[in-house]
Amino acid sequence: MNIRFLGTHHEESKDTRFVCFLIDDVLAVDAGNLASELTFAQQKKIKAILLSHGHYDHIRGVPSFIFSNLTRTTKVYGSPQTLHILSTHLFDGVIYPNFTKKTSFLKKPPIRLLPLTPLTPRTIQGYHVLPCPVKHIPGSLGFHITGRDGTTIFYTGDTGPGLSRLWRHTSSHVLIIDVTFPNRLKQVAKNASHLCPLTLRQELVEFHRQHHYLPDVILIHVNPQFRREIRTEAQKIAKELHLSIHIAQEGMVVHCSHTPPHVRTP
């Protein structure tokens with residue numbers, strides 16, 4: 001399973017992008033910057049999009065992607081709450097056309113919205129996907145994804161503390177987890193339903209208690225203003241718990257398998 005990170009940050013700038021990554025070039029997970037990071041040929045390879053929740057920085061790239069791929073139907077998966085946000089706030093016929101319907105402009109609907117039920121597995125483009133409810137906004141999901149070769153990853157999406165209740169559902173090789181703020185802003189992180197390195201450590205300790213091992217960890221949704229601070233605090237955790245922690249960055253490619261993942265930075 002190959003993961004290519006198109007966007008990895010909490011804030012946008014010339015050098016940082018909103019969250020989005022591709023699995024094997026065919027499955028997009030979140031869509032903060034989807035179309036803008038890919039050629040038209042690369043876009044055509046994408047068959048489905050998984051959305052973790054309905055915040056703008058995770059869904060913004062969907063309309064641009066659809067505009068570039070009007071001649072086919074792309075499947076978009078998310079909770080009913082997330083799909084409702086997408087269809088009423090972006091595909092509302094005002095900001096963007098209602099892409100879910102055939103119109104005089106559209107010969108056929110270029111998008112199909114498919115709701116997911118928490119803890120009910122789905123097969124999506126050959127991947128086994130288990131949507132897991134997480135603490136953020138109503139309808140927020142993380143995804144436990146099993147590849148064709150049996151490799152597993154768990155992407156938390158945006159989440160606050162309390163992942164331990166999900167660990168019995170997720171014995172992943174790689175954990176892609178939201179860490180937005182440094183430890184000194186722990187209360188801000190909690191109030192906004194995000195993690196900081198201290199709460200990350202608590203979640204990892206509980207993972208180890210349940211599974212007797214620790215997966216390789218990739219941090220995502222990092223606030224770029226605190227990146228250096230978060231890196232230092234994450235490195236301390238990695239040393240204490242004897243595991244590998246990487247901070248995702250735009251253009252990074254990770255090859256996941258049953259052995260430790262190979263990370264190639266841009």
Are [X] and [Y] connected in the hydrophobic side-chain network, where two residues link if heavy atoms are under 4.5 Å apart?
X    : Y    : value
I46  : L83  : yes
I177 : F5   : no
V174 : I247 : no
L243 : L195 : yes

Side chains of [X] and [Y] only: does a donor on one sit below 3.5 Å from an acceptor on the other?
X    : Y    : answer
T8   : Q249 : no
D15  : S13  : no
T159 : D178 : no
D25  : Q42  : no
T82  : H84  : no

* Could you go step by step and tell me if M1 and H255 meet the side-chain contact (heavy atoms from CB on, under 4.5 Å) rule? -> CA-CA 6 Å; M1 184 190 296; H255 175 68; over 6 Å; no

Taking atom [atom1] of [X] and atom [atom2] of [Y], what is their separation to the nearest 0.5 Å?
X    : Y    : atom1 : atom2 : result
L130 : T146 : CG    : OG1   : 8.5 Å
F143 : D30  : CZ    : CG    : 7.0 Å
L114 : I49  : CG    : CD1   : 11.5 Å
H211 : S172 : NE2   : OG    : 7.5 Å
L214 : F207 : CG    : CZ    : 7.0 Å
L200 : H194 : CG    : NE2   : 14.5 Å

* Dump the intermediate steps for side chain to side chain donor-acceptor pair (under 3.5 Å) on S140 and H53, then the final yes or no. => CA-CA 5 Å; S140 294; H53 65 292; 4.7 Å; no

Check: [Y] main-chain N/O paired with [X] side-chain donor or acceptor under 3.5 Å:
X    : Y    : answer
E203 : G162 : yes
E233 : N183 : yes
T152 : I145 : no
W167 : L204 : no
N223 : T180 : no
S79  : G139 : yes
E12  : F18  : no
Y96  : F67  : no

Inspect the surroundings of [atom1] in [X] and state if more than 12 heavy atoms from other residues, nucleotides or ligands are less than 6.0 Å away.
X    : atom1 : value
R228 : CZ    : no
R112 : CZ    : no
Y213 : OH    : yes

Sub-4.5 Å side-chain heavy-atom contact between [X] and [Y]:
X    : Y    : result
P63  : F91  : yes
D92  : S87  : no
F154 : C132 : yes
V129 : Y77  : no
L27  : L22  : no
V62  : L90  : no

* Trace of the salt bridge (Lys or Arg N to Asp or Glu O under 4.0 Å) decision for R17 with E37 -> CA-CA 9 Å; R17 304 287 184 268; E37 301 303 306; 3.1 Å; yes

* Asked: Taking NZ, NE, NH1 and NH2 as the nitrogens, is one of them in E206 or R209 under 4.0 Å from a carboxylate oxygen of the other?
  -> yes

* Between R227 and E11, is there a side-chain N and carboxylate O pair less than 4.0 Å apart? ->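 Salt bridge: no.
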
* Kindly indicate, with the supporting measurements, whether the criterion side-chain contact (heavy atoms from CB on, under 4.5 Å) is fulfilled by L38 and L6. => CA-CA 8 Å; L38 299 172; L6 305 181; 4.0 Å; yes

Minimal non-hydrogen separation, [X] against [Y], with atom names:
X    : Y    : result
S68  : F40  : OG-CE2, 3.6 Å
C196 : P182 : CB-O, 3.7 Å
R4   : V253 : CG-CG2, 4.2 Å
R72  : Q43  : NH2-O, 2.9 Å
P161 : K135 : O-CD, 3.2 Å
C20  : G32  : CB-N, 3.8 Å

Cut-off 3.5 Å, no hydrogens considered: what does the side-chain donor-acceptor table look like for residues 115-123, sequence neighbours left out?
{"from": "R122", "atom 1": "NH1", "to": "P115", "atom 2": "O", "distance (Å)": "3.1"}

* Output field: ring centroids H58/H221 closer than 6.0 Å ->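 Yes, close enough.
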
* Y127 and side chain to side chain contact (heavy atoms under 4.5 Å, CB included): which partner among I153, I23, L50? -> I23

* To do: Applying ring pair (Phe, Tyr, Trp, His ring centres under 6.0 Å), name anything that partners H144, two or more places apart in sequence or on another chain.
  =>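 Residues passing ring pair (Phe, Tyr, Trp, His ring centres under 6.0 Å) with H144: none at all.
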
* Going through the distances and angles, do K101 and N98 end up as a side-chain contact (heavy atoms from CB on, under 4.5 Å)? -> CA-CA 6 Å; K101 295 182 179 180; N98 185 342; 3.7 Å; yes

* To do: In sequence, state the C-alpha distance, the side-chain angles, and the governing distance for E229 and T232, and then conclude on side-chain contact (heavy atoms from CB on, under 4.5 Å).
  => CA-CA 5 Å; E229 196 173 351; T232 299; 6.0 Å; no

* **Option among H10, H136, H89 that satisfies the ring-ring contact (aromatic ring centres under 6.0 Å, His included) test with H55** =>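 Of H10, H136, H89, ring-ring contact (aromatic ring centres under 6.0 Å, His included) with H55 is met by H136 alone.
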
